[in-house]
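Structure first, then comments.
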Number of protein chains: 2
Amino acid sequence: MLTIGKLGAKAGVKVPTIRYYEQIGLLPEAERSAGNQRLYGSKALERLAFIRHARDLGFTLEAIRDLLSLSDNPDQSCAAADAIAKAQLLEVENRLARLTALKAELERMVVQCAGGRIADCRVIEVLGDHSLCATDHLHPETEETP
Amino acid sequence: MLTIGKLGAKAGVKVPTIRYYEQIGLLPEAERSAGNQRLYGSKALERLAFIRHARDLGFTLEAIRDLLSLSDNPDQSCAAADAIAKAQLLEVENRLARLTALKAELERMVVQCAGGRIADCRVIEVLGDHSLCATDHLHPETEETP
DNA sequence: CCTTGAAGCTATAGTTGCTAGAGACATTAG
DNA sequence: CTAATGTCTCTAGCAACTATAGCTTCAAGG
């Protein structure tokens, strides 16, 4: 049996986070010792590792809640879990596209900064003037109805 | 002179967000009309556009606060602005690497889920068992001190 | 056996970057 | 002039934690 501290260390999750997960119902209420301290077995460790892994992969706690409820009754079809993963994949591809554009823009900004005065600084200039921006891709919805 | 609504429309920022920016000191307190409504000139519009653009590029409000204070006294060296932009670039590259790894992982998950029962479904398995994870890259700090 | 310090407990409040609501006043179109 | 829309302040809420305060419990040393 693990105390909350040990569990946190093993799973790479901070102690208050574990209590938070219990509070919002992602983890079941833990057993308690005689002195009212939480005690965890290996099932809890697995579940926590699952949550942490999914968080690292960018799943929201809501998606994780769904995935967990799927894995809690493993006799249903895989389709639901598959759908969740696919939705996440779309999200990720989206974020990836935006981030890539963003990286290009920042690189452009940084490269063009010759170390002069701020008055001539491309960083400030580009940030101040949208028309200097290479990626229309970013902030497309500005000025709809002039 | 623009009312807050017009300003928001021009800059692509919602009205409460403008008030929020004023509240936290990113925008100066606006002039008021006789009836106590905020009025903005073109300087405010520029500043707000700057903020929005920087937010789109992923800068935190703190970083933006710094950038704005730099651009408020434009006779100093560009180095600080450059540093902020470079830090942001690093951050973005980091996120990009993580997201790329994540995409591969999700693709693997989706491909391997052939539509069987959850018991055979790799989605749950991959998320639950770190060792099945293709990308060591993610969650590196798990289990430091066993 | 006792003490001391670390780790645990609960409960509350703070973080970031907004967004949403309530209820009152201002402005504008018809 | 009235009705509709816009704006005002203030408060509370969102995700997903993180930090604080003021306790109790536990493990190890003397």
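Protein chains get the first letters and strands the later ones, always in sequence-line order, with residue 1 at the start of each. The structure displayed is predicted, hence computed values, not measured ones.
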* Whole angstrom is fine here: how far is it from CD in B:Glu29 over to P in D:dC8? => 13 Å

* Take the protein atom CD1 of A:Ile4 and the nucleotide atom P of D:dC26, then report the distance between them rounded to whole Å. => 15 Å

* Asked: Any side-chain heavy atom of A:Glu107 within less than 4.5 Å of one from B:Glu93?
  -> yes

* Would you say a side-chain N or O of B:Ser33 is under 4.0 Å from OP1 or OP2 of C:dT27? -> yes

* To do: Rounded off to whole Å, could you give me the CG-to-C1' distance for the B:Leu26 and C:dT16 pair?
  => 12 Å

* So what does A:Arg19 touch, heavy atoms closer than 4.0 Å: a base, only the sugar-phosphate, or nothing? -> base

* Starting at CZ of B:Phe59 and ending at P of C:dG17, how long is that distance when rounded to a whole Å? -> 13 Å

* Mind checking whether B:Leu48 and B:Leu26 have side chains closer than 4.5 Å, heavy atoms only? -> no

* **Presence of A:Lys14 side-chain N/O under 4.0 Å of D:dC17 phosphate oxygens OP1/OP2** => no

* Nearest whole angstrom, please: distance from the C1' of D:dA15 to the CD1 of A:Ile51. => 15 Å

* Base, sugar-phosphate, or nothing for A:Tyr21, non-hydrogen atoms under 4.0 angstrom? -> sugar-phosphate

* Ignoring backbone atoms, establish whether A:Arg32 has a side-chain N or O less than 4.0 Å from OP1 or OP2 of D:dT25. => no

* **Phosphate OP1/OP2 of C:dG17 contacted by B:Thr17 side-chain N/O (<4.0 Å)** => no

* Structure fact -> Comparing B:Tyr40 with A:Asn36, nearest DNA chain D nucleotide closer to 5' gives the residue B:Tyr40

* Asked: Over how many whole Å does the gap from B:Gln23 atom CD to C:dG17 atom P extend?
  -> 14 Å

* Asked: Between B:Thr3 and D:dG6, does any side-chain N or O lie under 4.0 Å from OP1 or OP2?
  -> no

* Any side-chain N or O of B:Arg38 less than 4.0 Å from the OP1 or OP2 oxygen of D:dC8? -> yes

* Residues which pass side-chain hydrogen bond (donor to acceptor under 3.5 Å, both in side chains) with B:Glu62, listed by chain and number, not counting sequence neighbours -> B:Arg65

* Report yes if some heavy atom in the side chain of A:Leu106 is under 4.5 Å from a heavy atom in the side chain of B:Phe59; otherwise report no. => yes

Report, one line per pair, each donor and acceptor closer than 3.5 Å where one atom sits in a side chain of residues 13-22 of chain B; sequence neighbours left out.
| residue | atom | partner | partner atom | Å |
| --- | --- | --- | --- | --- |
| B:Glu22 | OE1 | B:Arg38 | NE | 3.0 |

* Between P of D:dC17 and CD of A:Glu22, the distance in whole Å -> 15 Å

* Asked: When the distance from CG of B:Leu39 to C1' of D:dT7 is rounded to whole Å, what number comes out?
  -> 11 Å

* Any idea which of C:dA26, C:dG17, C:dT10 is nearest the B:Gln37 side chain? -> C:dA26

* Asked: Want to settle it: does A:Tyr20 or B:Gly5 sit nearer the 5' end of DNA chain D, counting the closest nucleotide to each?
  -> B:Gly5

